[in-house]
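Heads up, the thing below is written out as structure tokens.
Whatever order the structure lists them in is the order used to number ligands and atoms, beginning at 1. Keep in mind it's a predicted model, so treat the numbers as computed, not measured.
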Amino acid sequence: MKLIECPRDAMQGLPDFIPTATKTAYLNELLQVGFDTLDFGSFVSPKAIPQLRDTAEVLAGLDLSRTSTKLLAIVANLRGAETAAQHPEISYLGFPLSVSETFQRRNTNQTTAEALADVAAMHELCERSGKTLVAYLSMGFGNPYGDAWSPEIVTEFTRQLSGLGVRIVALSDTIGASTAATIAPLFSALIPAFPGIKFGAHLHTTPTTWREKVSAAYEAGCRRFDGAIGGIGGCPMAADELTGNMATENLLYFLKEKGVESGLDLAAFGRARALAASVFPTH
Ligand SMILES: CC(C)(COP(=O)([O-])OP(=O)([O-])OC[C@H]1O[C@@H](n2cnc3c(N)ncnc32)[C@H](O)[C@@H]1OP(=O)([O-])[O-])[C@@H](O)C(=O)NCCC(=O)NCCSC(=O)C[C@@](C)(O)CC(=O)[O-]
């Protein structure tokens, strides 16, 4: 089981700037919890995402001496990927490739064909610099813009990613549109069809629908889940109203019910949750 904590997704849409020292302290606490990966920041345009304009400074303040958690940074163009690749502390570069043309344009100002060309270049950059590319298939369960969506379209994007050599694909429900009825068949079909790819679930959800979503992905064989403490956040490029992240607390409830080891230090998790209450005071 791999749990990926996403404070980047929790913070990126918040209008009030979280001071760099506060971000750093929170991430340092999260680094003690035992997550497989921390999606800690992004190297993108500060005009697009002003909240994360200090990612390089935050990275400089992280204490990586007592953690096995690996760092993931989101990038939205080659320039950001080249910046991220220069940091030896970062293991993963994450790029949002969208199944929806409208969202690709809103998020990275590209067509999906241009974004796929960037994925190819980013994958090569990662290979050269000892890093791994994580491709998010954004709007992977439908979109609010009226763009075509079907399991076949998601499969075709996955085929293209597989052809480029991408080995981690996070099926992403950017706006919380998924249901058990869309999640289960997609994971059930894609996992056996692409044995060279490790599939993750990056699900956004309301507090009432989280369980059916996690359960559908887990029962279909997914063993890599993204979450954010408190279920905070979402992508501000997608919609005005953000649908929160999958709460990490709920992922842990689910795993406990299933008798599955999370691998987390629960005391450290409690400390991180307590700190989250002051980092995100209005949530
Ligand atoms: C990709 C662009 C830049 C294209 O935006 P653009 O306007 O086409 O880019 P540009 O090249 O014309 O540059 C615009 C300005 O940004 C600057 N710029 C340009 N690139 C960089 C960079 N790398 N680092 C720092 N600055 C940069 C550049 O210097 C310029 O500054 P100006 O001259 O106007 O002062 C823009 O659309 C962007 O930054 N988008 C951010 C997207 C983003 O961060 N979205 C949220 C994360 S993805 C997500 O949340 C989804 C996910 C992963 O969680 C999964 C899911 O749920 O679906």
Exercise for review: Could you point out which residue of Thr112, Asn107, Asp147, Asn143 forms a side-chain hydrogen bond (donor to acceptor under 3.5 Å, both in side chains) with Ser100?
Suggested key: Asp147

Could you see which bit of [X] sits under 4.0 Å from ligand 1, with heavy atoms only: side chain, backbone, both or neither?
X      : result
Ser138 : both
Ala76  : both
Ser45  : both
Arg8   : side chain
Ile49  : side chain

**Study point:** Shortest non-hydrogen contact between Met139 and Ala238, atoms and distance
**Key:** CE-CB, 3.9 Å

Atom pairs and distances, side-chain donor-acceptor, residues 24-34, under 3.5 Å, sequence neighbours left out:
unit_1 : atom_1 : unit_2 : atom_2 : d
Thr24  : OG1    : Thr20  : O      : 2.7
Asn28  : OD1    : Asp63  : N      : 2.7
Asn28  : ND2    : Thr24  : O      : 3.4
Asn28  : ND2    : Gly61  : O      : 3.2

Study note, to complete from the structure: of all protein heavy atoms, closest to atom 4 (C) of ligand 1 is Thr108 O, 3.7 Å

When you measure from [atom] to each heavy atom in [options], which option holds the nearest one?
atom                    : options                       : value
atom 24 (N) of ligand 1 : Asn245, Val44, Thr174, Asp118 : Val44
atom 36 (C) of ligand 1 : Leu52, Asn77, Asn109, Asn107  : Asn107
atom 27 (C) of ligand 1 : Arg79, Glu82, Arg105, Gln110  : Arg79
atom 32 (P) of ligand 1 : Lys47, His204, Gln12          : Lys47

Flag for [Y]-[X]: side-chain donor and acceptor within less than 3.5 Å:
X      : Y      : answer
Thr174 : Ser172 : no
Thr205 : Thr209 : yes
Glu5   : Thr248 : yes

Which of the atoms in ligand 1, numbered in the order shown and given with their element, are less than 4.0 Å from a heavy-atom of [X]?
X      : result
Pro46  : 25 (C), 26 (N)
Ala48  : 38 (C), 39 (O), 40 (N), 41 (C)
Gly80  : 23 (N)
Cys235 : 46 (C), 49 (C), 50 (O)
Phe43  : 23 (N)

Check your understanding: Shared ILVMFWY cluster between Leu72 and Val44, side chains joined below 4.5 angstrom?
Key -> no

Review point. Are Gly94 and ligand 1 in contact, using a heavy-atom cut-off of under 4.0 Å?
Key: no

Exercise for review: Check if Pro96 has a non-hydrogen atom at a distance under 4.0 Å from any atom of ligand 1.
Suggested key: yes

Exercise for review: Fit a plane to each ring of Tyr136 and His202, take the angle between them on a 0 to 90° scale, and name the class: parallel (under 30°), tilted (30 to 60°) or perpendicular (over 60°).
Suggested key: perpendicular

Check your understanding: What class does the angle between the rings of Tyr218 and Phe225 fall in, given that below 30° is parallel, 30 to 60° is tilted and above 60° is perpendicular?
Key -> parallel

**Study point:** Worked check of salt bridge (Lys or Arg N to Asp or Glu O under 4.0 Å) between Glu261 and Lys256
**Key:** CA-CA 7 Å; Glu261 276 295 319; Lys256 192 166 179 217; over 6 Å; no

Short check: is a protein heavy atom less than 4.0 Å from [atom]?
atom                    : value
atom 10 (P) of ligand 1 : no
atom 39 (O) of ligand 1 : yes
atom 45 (N) of ligand 1 : yes
atom 14 (C) of ligand 1 : no

Check your understanding: Does NZ or CZ of Arg53 lie under 6.0 Å from the centre of the six-membered ring of Phe17, at an angle within 45° of the ring axis?
Key -> yes

Check your understanding: Hey, does the Lys NZ or Arg CZ of Arg211 hover above the aromatic six-ring of Phe254, less than 6.0 Å from the centre and inside 45° of the axis?
Key -> no

Point to revise | Interatomic spacing from CD1 in Ile4 to CZ in Arg8 - rounded to 0.5 Å | key: 12.0 Å

